[in-house]
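Because the structure is a prediction, the values reported are computed rather than measured. Chain identifiers are assigned alphabetically (A, B, ...) following the order of the sequence lines, protein sequences preceding nucleic acid strands; residue numbering begins at 1 within each chain.
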There are 2 protein chains.
Amino acid sequence: MNIKLLELFCLIVEEGSISGAARRAYQSQPSVTKSIRYLEDEYGALLFHREKGQISLTEVGHTLYPHAKAILSEYKNSVEAVRYQNEKIQSQLKIGASFTIGEYLLPSVISKYKKQKDDQLQLFINNTPRILEMLEENVIDLAFVEGEVTGEAFNQRAIANDEIVLFVSPSDPWADRTHILTSDLKNHKLISREKDSGTRKIIQEHLANHRISPISPYLELSTTQAVKSAVQSGLGYGFASRFAVEQEIKNHLLVHVPVADLKISRPLWSVTKPLRFEKPAIETFLRMTKDMLGRDERS
Amino acid sequence: MNIKLLELFCLIVEEGSISGAARRAYQSQPSVTKSIRYLEDEYGALLFHREKGQISLTEVGHTLYPHAKAILSEYKNSVEAVRYQNEKIQSQLKIGASFTIGEYLLPSVISKYKKQKDDQLQLFINNTPRILEMLEENVIDLAFVEGEVTGEAFNQRAIANDEIVLFVSPSDPWADRTHILTSDLKNHKLISREKDSGTRKIIQEHLANHRISPISPYLELSTTQAVKSAVQSGLGYGFASRFAVEQEIKNHLLVHVPVADLKISRPLWSVTKPLRFEKPAIETFLRMTKDMLGRDERS
DNA sequence: TTGCATTACGGAGTTCGTAATCATC
DNA sequence: GATGATTACGAACTCCGTAATGCAA
């Protein structure tokens, strides 16, 4: 029993004619005729008298009408209830990001997003493998990571380019140099994140490409902030995402020293899991991120 | 939106699994899976989480459930209401019959019918053309007439054979005769119905077949009862359906005199109009009529 | 001729089935 | 291997359209 048939039945009753109902339902006249015959078969009873090209409700039809109205009303309620709640859920955005992106890049985007729409938004910051796990388990709707994701059937887009830069304290001897060379790196003290760090890994890879053997750090720290603080107090030089030190460089708390023969650049990726019902909020947030941070490059 | 989908949805919720719902709905598992996916598309929202081969209600599904139950309940109400009222209407039988049949044949059938089921029953008695008109206009459900109906798309069945017999008063000179001949008819007084009467018409036709010119009646009366009374008081002889004079002959109030060379026999017909929803009561009544009055001959 | 209901025929979509696949226990 | 969900493919039915018919004002 299709609810549409009951809707049509009510329309016919209210209009008093099949053609009138057809007009109001934006359907052809024959289609309405057939639908109502089908409805009559379903209920096993004549609902309309047909006389001289006119129709009129039978007693049974009269009985059915209020029931049909009640069903329709209850159905409309259900649609409304589902729509309302679904919208609420669809607008709740859960984002995961790796440390650098979550701490230095997304806050500005989130701030703008929350100003535009007051929808619920959560940001989870963790290392890349854990973030991708959360995406797989549907704990988060959207992930931001460095380095391309392999394997899984994820949708990825490059949203910005991140450059890893060398920085020192303003009082460091390198601070006045226009540039240094990779060969200089060994003669100075390196302050670095721990071995698991994605940043540290990519630096060593690039150095290896330049046939430079791994530089063992003078000091190992577990957060970027700790590295920055150590460098700032003149303990040595550090590497970090340009985004992570941008503000300190601008305020002359740190100095960026180009390494003439070393350019470490990597794309930042947004990653989503393809779902049957995608949240429109994801697209909104991604668009905003790309507008603020970089250009749209689909992969 | 098909109500069956909502029913299936509720079943899944109550059973906690698609396979369980499939069993209870006597459907295949894949069919239920697809139906529920279709329902999700209709509502534009995920209703179940699918995890490790198990399903669980989403928040939206939780919201939908009571609404679905309400719709189902209201729908069942509507079916029940229609069924109840329809049965009442379907059991109301309106019968039309020509005079002879209505006055002398049907009363016994109706009496038996009413004893079996106390359904409403109406009997309309009128001349054959008017009765057929009423059938055409759906004023009656079932007609009983003499003589085959031509033209219209009616369903007809012969239900009994009617013989037209000659009768006189027990004091009439013919009363002691074993039989008379058509040639005798002219020498006695005929008491007859008026010209429009079907009985009179058929007699004259039969006489014409015997090359006997029409006999003009000594007295013309408008009802069979009047003819019987006139004959009973010795005014002359009369013709009538055997059924109409059966009782008086049995009680020796009238005497049947065979006309050796004249056999007037005609079938009595039941006539119905083919309708989309036929009343079962019609068939019941017809069967009873044939059981009591004659044999079943379809035409 | 116009207005209304219906029938005839064809196409798209729904709803079922069986068979096969996949994941979990 | 057993259970539960899903996908693939095909058949029957529903539902809509256009075209044509029937009937009455």
A.B. asks: Determine the minimum heavy-atom distance between B/S222 and B/R193, stating which atoms define it.
C.D. replies: O-NE, 3.4 Å

A.B. asks: Based on the rotation axes of five pairs at each end, what angle does the helix from C/dT1-D/dA25 to C/dC25-D/dG1 bend through, to 10°?
C.D. replies: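 One end axis against the other gives 10°.
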
A.B. asks: Are A/R37 and A/D41 ion-paired here, with the side-chain N under 4.0 Å from a carboxylate O?
C.D. replies: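 Salt bridge absent between A/R37 and A/D41.
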
A.B. asks: Quick test of your reading: applying salt bridge (charged side-chain N to carboxylate O under 4.0 Å, His left out), list the pairs with at least one residue in residues 56-77 of chain B, sequence neighbours left out, ordered by first then second residue.
C.D. replies: B/E14-B/K69

A.B. asks: On DNA chain C, does the nearest nucleotide to A/R23 precede the nearest nucleotide to A/N2 from the 5' side, or the other way round? Give the residue.
C.D. replies: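 Its nearest nucleotide being more 5', the pick is A/R23.
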
A.B. asks: Kindly state which residues belonging to residues 7-17 of chain A come within less than 4.0 angstrom of DNA chain D, counting heavy atoms of the residue only, listed by number.
C.D. replies: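 Those residues: none at all.
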
A.B. asks: Under a 4.0 Å N-O cut-off, is there an ion pair linking B/K279 with B/D141?
C.D. replies: yes

A.B. asks: Mapping B/L5 and A/R50 to their closest nucleotides on DNA chain C, which lands nearer the 5' end?
C.D. replies: A/R50

A.B. asks: Determine whether the aromatic ring centres of A/F277 and B/Y43 lie less than 6.0 Å apart.
C.D. replies: no

A.B. asks: Quick test of your reading of the model: are A/R200 and A/E194 salt-bridged, counting only N-O distances below 4.0 Å?
C.D. replies: no

A.B. asks: Taking only Lys NZ, Arg NE, NH1 and NH2, and the carboxylate oxygens of Asp or Glu, determine whether A/K201 and A/E205 approach each other closer than 4.0 Å.
C.D. replies: no

A.B. asks: Testing the basics here: between B/A143 and B/L135, what is the closest heavy-atom pair and its distance to 0.1 Å?
C.D. replies: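 Result for this residue pair: CB-CD2, 4.3 Å.
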
A.B. asks: Apply side-chain contact (heavy atoms from CB on, under 4.5 Å) to residues B/L121 and B/F285 and explain how you reach the verdict.
C.D. replies: CA-CA 10 Å; B/L121 190 151; B/F285 190 88; 4.0 Å; yes

A.B. asks: How close do B/L106 and B/A97 get, counting heavy atoms only, and between which atoms?
C.D. replies: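 Distance-wise, the nearest heavy atoms are CD1-CB, 3.7 Å.
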
A.B. asks: Specify the residue among A/Y26 and B/R37 whose closest nucleotide of DNA chain D lies further upstream toward the 5′ end.
C.D. replies: B/R37

A.B. asks: Below 4.0 Å from chain B heavy atoms, what is the first contacting nucleotide of DNA chain D and what is the last?
C.D. replies: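 Under 4.0 Å from chain B, the extent on DNA chain D is D/dG4 to D/dG10.
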
A.B. asks: Check B/Q85 against A/V60 and note the closest heavy-atom contact, atom names and distance.
C.D. replies: OE1-CA, 3.9 Å

A.B. asks: Looking at A/R24 and A/E15, does any basic side-chain N land under 4.0 Å from a carboxylate oxygen?
C.D. replies: yes

A.B. asks: Would you mind checking if B/K4 and B/E7 are paired as a salt bridge, meaning a charged N to carboxylate O distance below 4.0 Å?
C.D. replies: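 Result for this pair is no, no salt bridge flagged.
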
A.B. asks: Regarding A/Y113 and A/T284, is there a side-chain donor-to-acceptor distance under 3.5 Å anywhere?
C.D. replies: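 Absent: no donor and acceptor within the cut-off.
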
A.B. asks: Under the side-chain contact (heavy atoms from CB on, under 4.5 Å) test against A/I55, which residue among A/I12, A/L47, A/I36, A/T33 passes?
C.D. replies: A/I12

A.B. asks: Near DNA chain D, counting only heavy atoms under 4.0 Å, which residues of residues 28-35 of chain B show up?
C.D. replies: B/Q29, B/P30, B/T33, B/K34

A.B. asks: First and last nucleotide of DNA chain C touching chain B, 5' to 3', heavy-atom cut-off 4.0 Å?
C.D. replies: C/dT14 to C/dT24

